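For reference, the structure discussed in these notes is given below.
Letters A, B, ... are given to chains in the order of the sequence lines, protein chains preceding strands, and every chain is numbered from 1. These numbers come from a predicted model, not from an experiment.
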Amino acid sequence: MPEGPSIVILKEAVKGFKGKKVIKITGNTKVDFSGLLNQKINGFKSFGKNFFVCFSKAAIKVHFMLFGSYRINERKGTPPRLSLHFKNGELNFYACSVKLVEDDLDTIYDWTVDVMNENWNAAKARRKLKAAPNTMVCDALLDQTIFAGVGNIIKNEVLFRICVHPKTKVGRLPPKKLTDLIREARQYSFDFLEWKKRYVLKKHWLVHTKRTCPRDGSKITKEYLGRTHRRTFFCNACQTLY
DNA sequence: CCGGTTGTTCAGCG
DNA sequence: GCGCTGAACAACCG
């Protein structure tokens, strides 16, 4: 589930519950959601990898982490973290983080940081990158305060697409490459969305989990890089270390 | 059966 | 009190 585009798919998939009243709330979460019982869902929102079920006075924030999943009008064998029951169906969340957010989402989230958002602000991303010149590009792409929604797969594919080595420091990127980085973080996310919808995402991976470079046939390097030691695939021959 | 992972949080350290 | 790091957590696939 995790990366931003997958959350956009979820948001579209649950549209049928908009305006519906929650008639029962169950699950093994310790969070008390009883205040939302018999409330109508105003709508669904996403911010990066976060998914929100919005009510008039609060919202449920769902984060799927690495292993989270959901089912719509279906159940898995494992106990759900949270189930929202409606007259016309149910929405089940598994192995995820769920929280009650009582603040106004518009005041606590800057939607323009979300690469999938219609109000994505590339200039703002550029300013933030300029302010962190010593950050490696592999870390910068995973920074949710700059590129909310970008995950490890998108990171690897974007860097391959723009021919930049993951260890490159942001401050050493030529201006044109910095532009490419920002543009492709968003563009690849939308490509990811379309491929995922058509169940052909993996088929389009050029470097992630690959062994040979589709450009020059050289061996793909796999290393655990960056602040959080994430799996990073890259081609030493065609991805330049600036 | 074991190892690995589309991610984040938080305790513990210097 | 800060920034950084590693551990912990979760469930499913190959």
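- Atom name C1', nucleotides C/dT5 and B/dT6: the rounded distance is 22 Å, in whole Å.
- For the pair A/Ile153 CD1 and B/dT6 C1', the interatomic distance rounds to 4 Å; values are reported in whole Å.
- The salt bridge (Lys or Arg N to Asp or Glu O under 4.0 Å) search around A/Glu157 returns none, not counting sequence neighbours.
- Every pair passing salt bridge (charged side-chain N to carboxylate O under 4.0 Å, His left out) that includes a residue from residues 105-128 of chain A is listed here, sequence neighbours excluded: A/Asp110-A/Lys124.
- Within the structure, the salt bridge (charged side-chain N to carboxylate O under 4.0 Å, His left out) test picks out no pair touching residues 17-28 of chain A (sequence neighbours left out).
- With sequence neighbours left out, A/Asp191 forms a salt bridge (Lys or Arg N to Asp or Glu O under 4.0 Å) with A/Arg161.
- In this structure, the CD1 atom of A/Ile154 is 13 Å from the C1' atom of B/dG7, given to the nearest Å.
- For DNA chain B, runs of at least 3 consecutive pairs of the Watson-Crick or G-U wobble type, with both hydrogen-bonding distances under 3.5 angstrom, map to B:2-5 with C:11-14, B:7-14 with C:2-9.
- A/Arg183 pairs by the salt bridge (Lys or Arg N to Asp or Glu O under 4.0 Å) definition with A/Asp180, not counting sequence neighbours.
- B/dT5 atom P lies 11 Å from atom CG of A/Asn156, rounded to whole Å.
- The CG-P distance, from A/Asn152 to B/dG4, rounds to 16 Å in whole Å.
- Within the 4.0 angstrom heavy-atom criterion, no nucleotide atom of any strand lies near A/Lys202.
- Per the geometry, CZ belonging to A/Phe67 stands 10 Å off P belonging to B/dT5, to the nearest Å.
- Atom NE2 of A/His229 is separated from atom C1' of B/dT5 by 16 Å (rounded to the nearest Å).
- The side-chain contact (heavy atoms from CB on, under 4.5 Å) search around A/Ala95 returns none, not counting sequence neighbours.
- Distance alone, capped at 3.5 Å, is enough to place a donor-acceptor pair between the A/Glu3 side chain and the A/Gly151 backbone.
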Just the atom pairs and distances: protein N or O near nucleotides 8-12 of chain B's N or O, under 3.5 Å.
from: B/dT8; atom 1: OP1; to: A/His63; atom 2: NE2; distance (Å): 3.3
from: B/dT8; atom 1: OP2; to: A/Lys49; atom 2: NZ; distance (Å): 3.3

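- Using the six-membered ring where Trp is involved, A/Phe47 and A/Trp111 have ring planes that are perpendicular, over 60° apart on the 30 and 60° scheme.
- In this structure, A/Phe147 atom CZ and B/dG7 atom C1' are separated by 18 Å, rounded to whole Å.
- Here A/Tyr224 does not reach the OP1 or OP2 of B/dG4: none of its side-chain N or O atoms lies under 4.0 Å away.
- One can place CZ of A/Phe64 at 14 Å from P of B/dG7, the figure rounded to the nearest angstrom.
- Listed by first and then second residue, the salt bridge (charged side-chain N to carboxylate O under 4.0 Å, His left out) pairs involving residues 210-230 of chain A are A/Lys167-A/Glu223 (not counting sequence neighbours).
- Applying the side-chain hydrogen bond (donor to acceptor under 3.5 Å, both in side chains) definition to pairs two or more places apart or across chains, those involving residues 84-98 of chain A are A/Thr26-A/His85, A/Arg75-A/Glu90, A/Ser83-A/Asn92, A/Glu90-A/Asn92.
- Screening residues 197-208 of chain A for side-chain hydrogen bond (donor to acceptor under 3.5 Å, both in side chains), with sequence neighbours left out, gives A/Asn156-A/His208, A/Trp195-A/His204.
- Bracketed by its first and final contacts, the part of DNA chain C lying under 4.0 Å from non-hydrogen atoms of chain A reaches from C/dT5 to C/dC12 in 5' to 3' order.
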